[in-house]
A.B. asks: 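I'd like to ask you about the structure that follows.
All of these numbers come straight from a predicted model, not from anything done at the bench. A, B, ... follow the sequence lines: proteins, then strands. Residue 1 opens every chain.
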Number of protein chains: 2
Amino acid sequence: MTVNESGGSPAPASRSRRRRRDAEENSTRILDAARQVFAAQGVATSIEVVAEHSGLGLGTIYRHFANKEALVNELARQLLEAAVDLAERHVASGEDALRQYLWDVAELLGSQPGIIRTIWNFPGSETLTARSRTAQAGLLRRAQEAGSVRGDLVPEDVAVALFAVTGILDIGRAAAASGWQRHLEAVLIGWGTSGPGLRHAPLTAADMDDIISGSGI
Amino acid sequence: MTVNESGGSPAPASRSRRRRRDAEENSTRILDAARQVFAAQGVATSIEVVAEHSGLGLGTIYRHFANKEALVNELARQLLEAAVDLAERHVASGEDALRQYLWDVAELLGSQPGIIRTIWNFPGSETLTARSRTAQAGLLRRAQEAGSVRGDLVPEDVAVALFAVTGILDIGRAAAASGWQRHLEAVLIGWGTSGPGLRHAPLTAADMDDIISGSGI
DNA sequence: CAGTAACCGGAAACTGGTTTCCGCTTAATA
DNA sequence: TATTAAGCGGAAACCAGTTTCCGGTTACTG
């Protein structure tokens with residue numbers, strides 16, 4: 001598990017007492033349990049199951065998260081954040097790391113099936129997705145400079161490739177792993193500089209905005 | 001709308017009276033309404049909305065379909081069947097139609113977002129998925145013979161590509177169209193005979209069996 | 001046209017999960 | 001150690017669908 005961070009509850013007003021240590025820990029206990037349960041059985045699983053799995057009471061969950069949606073969103077936030085960190089780290093490396101980035105994110109996303117569906121579109125995701133796009137653009141430019149991918153690719157192409165991976169991951173658990181790898185491999189060859197040009201126009205930034213802020217079905 | 005067919009209710013026992021014409025028609029009315037509603041708002045939409053949209057009563061829906069799941073399954077069945085027909089028609093043409101097939105299915109699936117998630121895995125899908133795989137294998141072999149794709153591709157690669165398309169379609173509605181086209185274009189180049197070989201092993205038939213019969217999440 | 005089985009509608013019962021509530025417990029502070 | 005705000009558990013209220021039921025209709029058949 002690579003994802004983790006802060007808690008779910010709002011920080012206590014600076015004055016007054018400090019947050020109890022058990023409460024602090026329970027926050028992460030809940031998130032961990034939720035991550036596992038949702039990864040294994042899907043987000044449709046009831047909160048009660050999460051409670052059992054975490055060894056805490058139902059009421060406790062609701063003390064830490066306003067409602068189920070808030071819990072799921074926090075998980076999505078953390079996952080997306082981890083993905084963005086990854087991207088930025090690869091950009092910072094200065095290397096031509098587009099390929100490695102794709103592999104790493106795919107792996108990361110694969111660790112959390114059941115949540116991936118929601119990460120592109122939860123309230124407050126805008127900041128993170130913006131960072132993600134910037135980083136992806138950086139990785140792409142670098143790869144283009146290095147001559148490993150064609151010049152007419154745009155950052156949106158990278159995002160779309162991730163959507164595609166999501167689709168593969170979302171279907172079969174165990175067997176899916178080798179599936180996305182080989183698929184991405186083909187995509188990367190297709191993105192190479194040697195092949196014929198791509199005839200279909202890429203998504204525009206505006207399309208992308210539309211996608212990541214449309215009221216997801 | 002390319003999808004359509006029979007009704008949802010079991011045919012009447014040969015003896016006794018014939019099925020009333022209005023009932024017959026209502027069956028398809030319900031399916032059509034469900035298709036539209038689910039495509040527009042997702043399968044999570046309540047049956048009541050479908051009833052309203054079809055202009056029929058709630059009870060009528062349940063007279064035609066045992067429960068919501070049965071209704072959704074029937075939609076999935078019809079969609080998958082349309083996809084299989086497509087594949088078989090392309091095989092029968094005798095041409096090198098792999099690319100055209102991919103375009104056509106993607107378009108078909110795109111007409112029914114909200115249902116696509118379920119088509120690989122509903123009770124009774126085995127027969128259809130088997131046909132689908134046979135047809136895809138045929139299309140692939142033909143393409144390989146024509147020299148338009150490399151020889152080491154397997155039918156599972158085609159299926160995985162469709163999973164990928166599903167992921168793209170599933171995310172943004174309006175903007176998604178151009179997305180999958182350009183993505184598939186890259187994949188096809190990657191599948192071409194000129195590029196470097198694919199290093200990652202493909203899914204096996206066994207993997208695929210596992211995927212399309214695992215208790216979906 | 002009369003008879004009747006099939007069909008329709010929608011109110012009411014049911015279901016399973018979410019969310020609230022509050023008496024009891026416990027960690028922090030002095 | 002006494003005090004107390006914060007936190008906990010889980011029973012019960014609530015809610016949004018789903019599904020059942022049955023009195024009233026309507027299309028077939030003779």
Side-chain angles (χ1 to χ4, degrees), chain A residues 6-34 37-38 40-75 114 118 217, chain B residues 6-34 37-38 40-75 114 118 217:
Chain A
S6 61
S9 293
S14 52
R15 189 68 169 68
S16 82
R17 259 184 210 199
R18 195 171 123 233
R19 190 155 187 235
R20 273 168 57 167
R21 197 164 297 164
D22 57 344
E24 198 83 46
E25 191 204 306
N26 284 344
S27 248
T28 62
R29 277 243 292 240
I30 293 170
L31 286 168
D32 287 344
V37 169
F38 292 157
Q41 342 243 26
V43 271
T45 317
S46 77
I47 290 292
E48 197 165 351
V49 174
V50 174
E52 273 163 34
H53 194 79
S54 69
L56 298 169
L58 239 188
T60 305
I61 309 252
Y62 280 91
R63 156 164 290 274
H64 287 263
F65 298 91
N67 48 40
K68 183 176 183 173
E69 205 191 346
L71 171 55
V72 173
N73 284 343
E74 176 58 16
L75 288 180
T118 62
I217 278 195
Chain B
S6 62
S9 291
S14 52
R15 190 68 167 70
S16 81
R17 256 182 214 201
R18 195 171 125 234
R19 191 157 188 237
R20 271 167 58 167
R21 196 164 299 162
D22 56 345
E24 196 84 46
E25 191 204 306
N26 284 343
S27 248
T28 61
R29 277 245 291 240
I30 293 169
L31 287 167
D32 287 344
V37 168
F38 292 158
Q41 341 242 25
V43 270
T45 317
S46 77
I47 292 291
E48 197 165 353
V49 174
V50 174
E52 273 164 33
H53 195 78
S54 70
L56 297 169
L58 241 188
T60 306
I61 308 253
Y62 280 90
R63 157 163 289 273
H64 288 261
F65 299 90
N67 48 38
K68 184 176 181 173
E69 205 189 347
L71 171 54
V72 173
N73 284 343
E74 175 59 16
L75 288 179
T118 62
I217 279 196

A.B. asks: Taking any heavy-atom pair under 4.0 Å as a contact, classify Thr60(B): base, sugar-phosphate, or nothing.
C.D. replies: base
A.B. asks: Mind checking the CZ-CD spacing from Arg19(B) to Glu25(B)? Nearest 0.5 Å is all I need.
C.D. replies: 11.0 Å
A.B. asks: Specify the separation, in whole Å, of atom CZ of Arg21(A) and atom C1' of dA28(C).
C.D. replies: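 Rounding to the nearest Å, CZ of Arg21(A) and C1' of dA28(C) are 10 Å apart.
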A.B. asks: Using atom CZ of Arg20(A) as one end and atom P of dA5(D) as the other, report the distance to the nearest whole Å.
C.D. replies: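 Result: 13 Å.
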A.B. asks: Which part of the nucleic acid, if any, lies within reach of Ile47(A) when heavy atoms closer than 4.0 Å are counted: base, sugar-phosphate only, or nothing?
C.D. replies: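 Sugar-phosphate, no base atom in range.
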A.B. asks: Rounded off to whole Å, could you give me the CZ-to-C1' distance for the Arg63(B) and dT25(D) pair?
C.D. replies: 12 Å
A.B. asks: Considering just the side-chain nitrogens and oxygens of Asn26(B), establish if one lies under 4.0 Å of OP1 or OP2 belonging to dC8(C).
C.D. replies: yes
A.B. asks: Compare the minimum distances between each of dT18(C), dG17(D), dG7(D) and the side chain of Ala23(A), then state the nucleotide with the smallest one.
C.D. replies: dG7(D)
A.B. asks: So does Glu48(B) have more than 12 non-hydrogen atoms from other groups sitting under 6.0 Å from CD?
C.D. replies: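 Check fails, neighbour count at 12 or below.
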A.B. asks: Find the distance Lys68(A):NZ to dG17(C):C1' and express it as a whole number of Å.
C.D. replies: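 Lys68(A) atom NZ is separated from dG17(C) atom C1' by 8 Å.
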A.B. asks: For Glu24(A) and dA27(C), give me the distance from atom CD to atom C1', rounded to whole Å.
C.D. replies: 13 Å
A.B. asks: Assign each of Gly59(A) and Glu69(B) to its nearest nucleotide of DNA chain D by heavy atoms, then name whichever residue's nucleotide is nearer the 5' end.
C.D. replies: Gly59(A)
A.B. asks: Give the rounded distance in Å between these two atoms: CG of Asn67(A) and P of dA16(D).
C.D. replies: 14 Å
A.B. asks: Which one, dT19(D), dA28(C), dG7(D), comes nearest to the side chain of Leu58(B)?
C.D. replies: dT19(D)
A.B. asks: Ignoring hydrogens, what is the shortest heavy-atom contact between Phe65(B) and Ile30(B)? Give both atom names and the distance.
C.D. replies: CE1-CG2, 3.7 Å
A.B. asks: Report yes or no: does Asn26(B) contribute a side-chain atom to a donor-acceptor pair with the main-chain N or O of Arg29(B) at less than 3.5 Å?
C.D. replies: no
A.B. asks: Rounded to whole angstroms, how far apart are CD1 on Ile30(B) and P on dG9(C)?
C.D. replies: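 After rounding, the gap between these two atoms is 9 Å.
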A.B. asks: Let's test your reading of the model: under 3.5 Å, does the base of dT4(D) pair with the side chain of Arg17(A) as donor and acceptor?
C.D. replies: yes
A.B. asks: Whole-Å distance between dG9(C) C1' and His53(B) NE2?
C.D. replies: 19 Å
A.B. asks: Would the distance check show the side chain of Thr45(A) and the main-chain N or O of Gln41(A) forming a donor-acceptor pair, the cut-off being under 3.5 Å?
C.D. replies: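 Yes, the answer is positive, given that a donor and an acceptor are paired below the 3.5 Å cut-off.
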A.B. asks: Has His64(B) got a side-chain N or O lying under 4.0 Å from the OP1 or OP2 atom of dC8(C)?
C.D. replies: yes
